[in-house]
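In the text below, chain A, chain B and the rest are named by the order of the sequence lines, each starting its count at 1.
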Protein chains: 2
Amino acid sequence: MTNQELLHHHGLRATNLRLELLRLLRASDRALTHQELEAGLKVEADRVSIFRSLNAFEEAGVVHRVLDGRGTSCFARCGTDCGHGDHNDAHAHFRCNGCGHVYCLDAVELPSVSLPRGFKLAKSHLELDGTCKACR
Amino acid sequence: MTNQELLHHHGLRATNLRLELLRLLRASDRALTHQELEAGLKVEADRVSIFRSLNAFEEAGVVHRVLDGRGTSCFARCGTDCGHGDHNDAHAHFRCNGCGHVYCLDAVELPSVSLPRGFKLAKSHLELDGTCKACR
DNA sequence: TTTTGAAATGCAACACTGTTGCATCTAAGT
DNA sequence: ACTTAGATGCAACAGTGTTGCATTTCAAAA
């Protein structure tokens, strides 16, 4: 599926900015911040438009959001099985303490947890940190 | 150990602000943001001083920091076995999607994970969300 | 192909978290 | 009571993220 088809399939318009953002996200093996995306764009675009596009992507199920260790949002393309507001992002994330990059780890298995009485679990996120391949 | 002793024990001065912050943190069953702390203070204090105190607490091993779902820092008292830069905060955290409150869950067991080749693990954080007792 | 309405963008302004520099004050040991 | 390193207050700043509003542009229908 092309990026254009992907956008249309989720009810979004295929603008230059959005096609560019998807291109960058698809080309990356890790989750990217809005700053990295802005820096990588081959098109001029306003910060606000990038934020709005990323929010639209997230809501539509095109990307998912991860927080890096300092609380800023990173975005990565979703797997094929995400829909509107229905994310299947139940995989672990690894954050490198050296470069700060955030990787999605689809291979790592998530634990099943039992919560104290009264708490109702919706989702669990396993956040790992350490040193990545490039930083060793 | 009194809050005064606790501070001295970690090489920090027992000022009004810091004693107040510790009082609030000890009285709470969950992690608090700087905003909640500022609102709860019985003493006038500058935002900056609160941030600096919390940073000093964290570095000394008096409190640990958790990010809530939107990336803002929450703070909670550490267990007894934390020292300078040596946190023992390897427990799960639960964030309520209703009220946004963050709870430390000492009871939940952390999984052992195996990373892809090249990644070196330092710490793992299990972040859970759902609905808390009060919000059901 | 042209029209058209909704979606997307750009710009300005704002709120919030968090930090730094510097002058002043205070806790705590002498 | 002195002294000084540690703590505070104030002003200013950087970064993320949002909102309102006018303008542009995509995509579907005429």
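- Pairing each heavy atom of A:Ser49 with each of A:Leu17, the nearest pair is CB-CD2, 3.6 Å.
- Below 30°, between 30° and 60°, or above 60°: for A:His64 and A:His91 the angle between ring planes is above 60°, a perpendicular geometry.
- Within 3.5 Å, no donor on the side chain of B:Arg70 pairs with an acceptor on the base of D:dG17, nor the reverse.
- The minimum heavy-atom distance linking B:Ser114 with A:Val108 is given by the pair O-CG2, 3.8 Å.
- Atom pair B:Leu67:CG and D:dT16:C1' shows a separation of 14 Å (rounding to whole Å applied).
- Between B:His34 and A:Ser53, the residue anchored nearer the 5' end of DNA chain C, judged by the nucleotide with its closest heavy atom, is A:Ser53.
- In this structure, B:Leu37 CG and B:Cys74 SG are separated by 9.5 Å, a value rounded to the nearest 0.5 Å.
- Mapped onto DNA chain D by nearest heavy atom, B:Glu44 and B:Arg47 fall at different nucleotides, with B:Glu44 at the one closer to the 5' end.
- No side-chain donor-acceptor contact under 3.5 Å links A:Glu59 to the backbone of A:Ala56.
- OP1 or OP2 of D:dT16 lies within a sub-4.0 Å distance of a side-chain N or O belonging to A:Gln35.
- Distance CG (A:Leu7) to P (D:dA28): 13 Å, rounded to an integer number of Å.
- Set against D:dT8, C:dG10, D:dC10, the side chain of B:Ser49 has D:dT8 as its closest nucleotide.
- D:dT18 atom P lies 14 Å from atom CG of A:Asp46, rounded to whole Å.
- Sorted by first and then second residue, the pairs that involve residues 127-136 of chain A and meet side chain to side chain donor-acceptor pair (under 3.5 Å), not counting sequence neighbours, are A:Asn97-A:Asp129.
- The CD1 atom of B:Ile50 sits 14 Å away from the C1' atom of C:dC16 (whole-angstrom rounding).
- The CD-P distance, from B:Glu20 to D:dT8, rounds to 12 Å in whole Å.
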Would you give a per-nucleotide map of nucleotides 22-30 of chain C, 5' to 3', where B means the base has a protein non-hydrogen atom under 4.0 Å away, S means only the sugar-phosphate does, and - means neither?
----BBS--

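- Within the nucleic acid shown, B:Ala56 has no heavy atom closer than 4.0 Å to any nucleic acid atom.
- The distance from atom CG of A:Asp68 to atom C1' of C:dT17 is 14 Å, rounded to the nearest whole Å.
- Distance, B:Leu41 CG to D:dG9 P: 10 Å, rounded to whole Å.
- Contact check, A:Arg18 against D:dC26: no side-chain N or O comes under 4.0 Å of OP1 or OP2.
- Remark: B:Asn55 is not in phosphate contact with C:dG18, judged by side-chain N or O atoms under 4.0 Å from OP1 or OP2.
- Atom CG of A:Leu19 and atom C1' of D:dT25 are 13 Å apart (whole Å).
- Between A:Phe119 and B:Tyr103, the ring planes are perpendicular. Angles over 60° get that label, and only those under 30° would be called parallel.
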